[in-house]
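In what follows, a structure is listed as structure tokens, so that the remarks can point back to it.
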Amino acid sequence: MKHDKSLYWRSLDELASTDEFRAFVEDEFPNRTPDWNDPASRRRFLRLMGASIALAGASACTKQPKELIVPYVRQPEEMIPGKPLFYATAMSVAGIATGVLVESHLGRPTKIEGNPEHPASLGATDAAIQASVLTLYDPDRSQTVTRNGYISGWGTFIAALTGARDAAKPKKGAGVRILTGTVTSPTLATQIQDFLTEFPEARWHQYEPCGRHSARAGAILAFAKPMNTIYRFDRADVIVSLDSDFLSSTTPGSLRYARDYSARRRAAAETPDRTPPRLYVAENTPSVTGSMADHRFRMTAGGVAEFASSIRGDTGATSPEARAVLKDLQAHRGAGIVIAGEYQPPSVHAVVHAINQTLGNAGKTVVYTGPIEANPVDQIASLAELVKDMRDGAVETLLILGGNPVYDAPADLNFLDALKKVKLRAHLGLYSNETAAWCHFHIPEAHYLESWSDARAYDGTVGIVQPLIMPLYGGKTPHEVMNVLNDAADQSAHDTVQGYWQAQHRGTDFDDFWQITLHDGVMAGTALPEKAPPSAKMPEQLANGAGLEIVFRPDPSVGDGALSNNAWLQEMPKPQNKMTWDNAVWISPKSAEHYGVTTGDVVEIELGGRKVGGPVWIMPGQADESLTVHFGYGRTRAGKVADGIGFDAYAVRTANTLWQGTGASIARKARDYKFATTQHTQTMEERDPFRAATYAEFHKTPDFARPEEKRVPNDLTLFPQWEYKQHKWGMSIDLNSCVGCHACTIACQSENNIPVVGKEEVAKGRHMNWLRVDRYFKGPLEDPELYFQPVPCMHCENALCELVCPVAATVHSAEGLNEMVYNRCVGTRYCSNNCPYKVRRFNFFLYADWDTQSLFGVRNPDVSVRSRGVMEKCSYCVQRINSAKIEAEKQDRPVKDGDIVTACQQACPAEAIVFGDLNDPNSRVAKLKRQQRDYSLLEELNTRPRTTYLARLRNPNPDLEKG
Amino acid sequence: MKPEDQESTSVATLDPGPDKVIGPGHDYGTVTDEIGGVVFRPFLKTPPQMFIGFACAFLLVNLLMIAVTWLFVRGVGVWGIAIPVAWGFAIVNFVWWIGIGHAGTLISAILLLLKQDWRTSINRFSEAMTLFAVACAGMFPILHLGRPWLAYWLLPYPNTMWLWPQPRSPLIWDVFAVSTYATVSFIFWFTGLIPDFATMRDKAGNPVAQKIFGMLAMGWRNSARHWARYQKAYLLLAGLSTPLVVSVHSVVSFDFAVAILPGWHTTIFPPYFVAGAIYSGFAMVLTLAIPVRRWYHLEDLITMRHIECMSKVMLGTGLIVAYGYAMEAFMAWYSGGQYERYAFVNRMWAGGYWWTYWILILCNIVIPQLLWSRRVRMSVPAVFVIALVVNVGMWLERFVIVVTSLTRDFVPSSWGMYYPTVWDWSTYLGTIGVFLALMFLFIRGLPAISIFEMREVVHEGEATHAHGD
Amino acid sequence: MAQIFHRSSNSLAKVTIVAMLLIVGVVVLAAYKINAGSFITDVDVAPGQPVPFSHKHHVGDDGIDCRYCHTSVETSSFAGIPPTETCMGCHSQIWANAELLEPVRASLRTGKSLEWARVHDLPDFVYFNHSIHINKGIGCSTCHGRVDQMPLTYKVNTLYMQWCIGCHRNPAQFVRPRDQVFNIAYQYPDNQLELGIRLVKEYKIQSLTDCVTCHR
Amino acid sequence: MPTETKVSGQLGSLYGIMAEFDDPESLLDAARRARSEGYRDMDAYSPMPVEGLAEAIGFRSNWVQRLVFTGGLLGAIGGFMLCWWITVIAYPHNVAGRPLNSWPAYVPITFELMVLIACITAVVGMLALNGLPQPYHPVFNVEEFTRASRDKFFLCIEATDPKFSPETTREFLEHLNPREVMEVAP
């Protein structure tokens, strides 16, 4: 949707002060929430019958139910009912911000887009950001201040906290502790510092379960001071990733990195004279970054350390791979990047810093700035100290601002036991989670779409967080809580944040500056300046522990657990194995054989005396003797969605085995665990839906993607071809750029009101995602190549689905869209049977949630909510096409290329998806389809798809190809 | 005469053997009484098997009621269907029932045109069977809809949306074909009944029966003029039903043949679906005729000749079907089409349902070969068992075609399995219940054998006899 | 046997057959009539409103322009229902204490919205956009009728799909010059068709009958 | 062979006189003789169709097949026009890139409707031509006539026949050696 900046994104003060949209979320039973995992339980007989009949009514010749119009009492200016507004704000994950634009209907945020102005986004988003809007409306969010579990009030909390502060005053604050996650917010940091200066004996602890501990420590190890590293993939010809998944959202700045990296790949593929970047990835678990690798070296996470030191240069490279990599790096001095994984030990980071300096990459492709964290401390030590003091009874008041240490603190710290010793424990959080359960006070936290705040991006750029909506459940921001401590309880978060920046601002034009900042969502010139780092000292040879290794990682979809209760993410297939609603113990085929386990076995893994049980998943490409487990599951107080699914990997994670530990054991306890995956066939079965070649092959046979025998001449038909005179919509998906991050899938879900069906239904094969991302393994089972292929509706010109629909519920539009008319569909499902791409989705039950009022808010009013018994599928975001056309018509101008951006295209960090008018020869999509790599899926069926693909190109190292 | 003494008048029932279509000693009166007797038998003198059978059938009908209620309350999701296998038992049963529904009209129409004397004593109730089978079949296309309450949208009727059905869709062809077939079968059946209604009217003891049969007979009085027009109309009906019967299952096969799915997209489907339909139809006729003739001692009207002829037809159509399978597989290989080939690899061993394919081959091709032996054809139990086996086999054939083909089509990423639920089974068994219940009621309430045509048989018999000496 | 039926039953039988056919015909006909009648369509039925608002008075007598209250009709899909403020803009001066207007004043006092009953209510799966129709020269009265003569507002068209399609297939019947769009009393000229055809060309009006024009 | 004659219904008001035979051959023969005798208004009744009986009483008609042909023709035309009208006139859609008038796809419906209408006309026509339903008919007044639907064969010469006279006609029928001869009350 084209958003007219100059008009719309403005601050929302006046809007936020009106009450209208609360109506959307007032729910007479606050505790009634959909149980996604059992659609049956939440459906009552009569309601269902009623629904069906009402639906029949709406479509057949029956009387319509009466409907009310409820106008504003005072209509806010700029608010035009029926037109969405866009506001800039920022979402931070683990403290690090990404700028977003939020689409708001009648003051109701419905869709998140990336902020093109923001360096970390450039308009892209990842799945977590897309899904965050669902969390806003999550009925499981805590809804009131509680004291000892009973409903209490903000006032009571103020009183209690103020009391504690005054009590601590004589002791200079001794015994008062604040525990936060990673803080980049200048305002919050200052608030805390103010408090600490007034109470010097008080302490501020930080703990982020999946924070940048290694990077921080690594920098200190190398430079003796914390530094922030930024990679410039747009300048890199050779990239060596040492277990770094820099294309997935686990790495700060990944959206930007993906954008830069794929731009290089695309450029090389489109113009022969540009050199393609070459990516080496050394890792234990196939990652999306690994899937893009030109050479993927499968090794244990511990082995990566050895590999790192084997490419240091000073000591001779041991393995042929290392030799080749080193040669390649040295051949591209200053144009290479060696990047260490977020979860590799500090020593590896230190080595990498040294390598980059010796290769002259530092300052060119790898630039350094000061830390973006307000207070970079060793968080593990910080937490350990807190726990120690709590156990010693030195802590009287603990204020936990966000986070969930009871669930995610290292197991060996026994955080909970220590916590119980604290006299006054208060927890601020979106959910009344495991930690809240053990705190005297729980304060509902304001979602970032309800908050005033600020945060720094991966490069230090400050984004202002502004609310789109009044706190639905009366949530509070950390700023407001800190204000209580700072004896300014009546100061609003807005005043605090604005006040801080006013103080910072030099000059008199603050109001303009403020308005521009809010409007752009980016505070100009706040990116941290480059700093030349002192020369890094190379640590001695890195050794590796022996025995079976366990590797801990945040979950590909729900991260460290903060997002567990988000049903969209739960049902988002994990890229590597298309598993939903679960985590598992990933093991390599060989090791599985060795340990006598197989997919579906429930095993008990043991590390350092700690045990946890979970199901096994055999993952091709996984390193042998290396298990990977993911955090974010085994929640007990996450909410209706996440409670009781998966197992809790934190249970075996200790402070010194933060990311990996060796000497683990695995033992089978049970069999036949039922996973819910969206793809059962792992390989392409001698078929070629996904086509790839090396640059060499490509230059030799440029049309490798469309071999002669597959082509179907256009005139091979009895019937005359239809002409599409006006527009001719089409889409091109560049498999060379796509990294398989699934952001498109969730963007589509958010844009098109796609329901969540729950694990049972997914297991039956009834998942509803319109845009699925197929995953194929190619090559040896042990170490295959990993391919990702997004598959939306192909909008075939000879659409087989249309031919067989008995009621003309799916037909072609004059612009060549394959229309799906839900209200005409009677549900024969014949179209799906006849669709060779199987992109159609069917509402076998009433999947759309008609019960949970608070979830109505997230729905896009421009798209019908499908009911039971109708087929649905990708519409090329026809609602966006229509509104763009209408706007163009009203301005009496043709629709320009780029006016229409589909949800998936808008979200894609790699710009792999391009939509446009094929009748306009200069449109981006038309140009792409003229490329030789362009091919259509199942071309030989002569369905003439409008969605086509650009084949993947690999740039392998000749030395390694030979060997 | 009074109903009571009819049994006494009916001649001793003994089977005249394989070359006679009617037992000896029958004249116009005795056939009339014997057949009419079944209907006018006092309620309590109904054979106990009938009561037991009907009771079981009726239980199944109730099962269907429950299954359908639950289906309408929850949605088609209660079945095992999903993506990619969006058609499951519902369509399998639909095709199976329609197939069974083909024997009736075929026997009545085609054998009439072919002047097969052995047709007479089985045509009436195979027509009835057709009606009930089609009724069962007809349920499924509606039940399997996501929004069954909108089923009427498949009919062309003027509406405020200015929308009409989409006549390129085989499903719309189905609507027309099946409804036409149902209507014509009913007309055909009813027309055949009119003179017998008259007979019943005249035989009926009590006034109520007289009135009822009288109304149904519409005043038929066996006048030569009536007979003349009647025979002409009946002949025309037969002539029209013959292509109809062929067209209906061809159209049903188009549901698959028109689709692009490997394993569906085959030009041989129409002929071999029709053959298969006849095959299963005759199997079902035998499955029903054999017990009924036993319970009502009709061995002298439904003789070994009938059973043997039907066995032969089964053998013949069975071979056509076998040819169909072979040719399907051959073409898949010969076409060289990757997907076509794989469809059969999948069917025969790669896929999760390979075993269904081999059971179907066993039931439809291997076992029926026993019918080559006259001894087997002559043994009623053997024929009965084979008929049952063929029924199962033909159901499996539809399962293999519908489900197995869907499990693995073009893009490997979207392959999946299908696991029927208890509701799939209940619905299937339920319709079997409906079918049997109706069958029992029909046999008890209406002349299950065409009386006037039996009189013709008697007449011809006498004529040839007269010739003889 | 004696006769089972009386002589008369012959004619009776034939009459019955004819009667049957007639009854079926009548039932079908009735069904269609009812479906087109105002019981189903609510045409000419004015629903009860919290305030008996009269377009006749405001538009007809006072001559207030449509856009004064329906502010977003030219820019948005939704024509816009005036916020209470707008009403009170005038009614704080005139009829300031009228009993009739108490709900309006109450709404402003309490901040609780007035709840109007929808008169023109499309099913939720239909997406209609006012602005584009206005911009293409479809007048208010074409669909909403002479509201200036309606003491209480009611709809004059069924809003059935066939009614929409009727115009979408041949807009020329109904377009009017853009400057006449808000002229509630606009009369179509006798040469409407040729004028229409000219305007259709001039305003680049497409006859969009794709499903997705309205359904998505 | 019986001589006395039963009289059903009162004399003077006669529908006709009816003779009862044992087998189709004698009925056929009787009908032929009656016709050669010059009788025209008569009808023969048999439990099953008897070859040549209709001709014997001088009845021939082709109306049924004519009706059926027209019915079938109308059905076919109607079927095709329906499809054509739906796809080309009523709501033209681009379906699967096929032309609006995809006539090959309309064949099944055309054929089915042809058969349907033809069959309906066949039966309805037959009944109508036979004047059915006609639950009341004088011949039913004859007690013995119930056996016309079982095992006996009847020839009835109707009073409307110019050559008919109660006496001569009965005499004529009696020396066709029937089982018996009866008068049929109207």
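Below, chains carry the letters A, B, ... as their sequence lines are ordered, and counting in each starts from 1. Quick note: numbers below take in every heavy atom, side chains included, and nothing from hydrogens, waters or symmetry partners.
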Give me the contact list for residues 100-137 of chain D versus chain C, heavy atoms only, anything under 4.5 Å, ordered by residue number. G131(D), P133(D), Q134(D), P135(D), Y136(D), H137(D)
Using a heavy-atom distance cut-off of less than 4.5 Å, which residues of residues 77-91 of chain D contact chain C? A90(D), Y91(D)
Can you tell me if [atom1] on [X] sees more than 12 non-hydrogen neighbours from other groups inside 6.0 Å?
X: D190(C); atom1: CG; answer: no
X: Q162(C); atom1: CD; answer: yes
X: Y32(C); atom1: OH; answer: yes

Quick one: what part of L12(C) sits under 4.5 Å from any heavy atom of chain D, side chain, backbone, both or neither? neither
Would you mind checking which part of T16(C) comes under 4.5 Å of any heavy atom in chain D, side chain (CB onward), backbone (N, CA, C, O), both or neither? neither
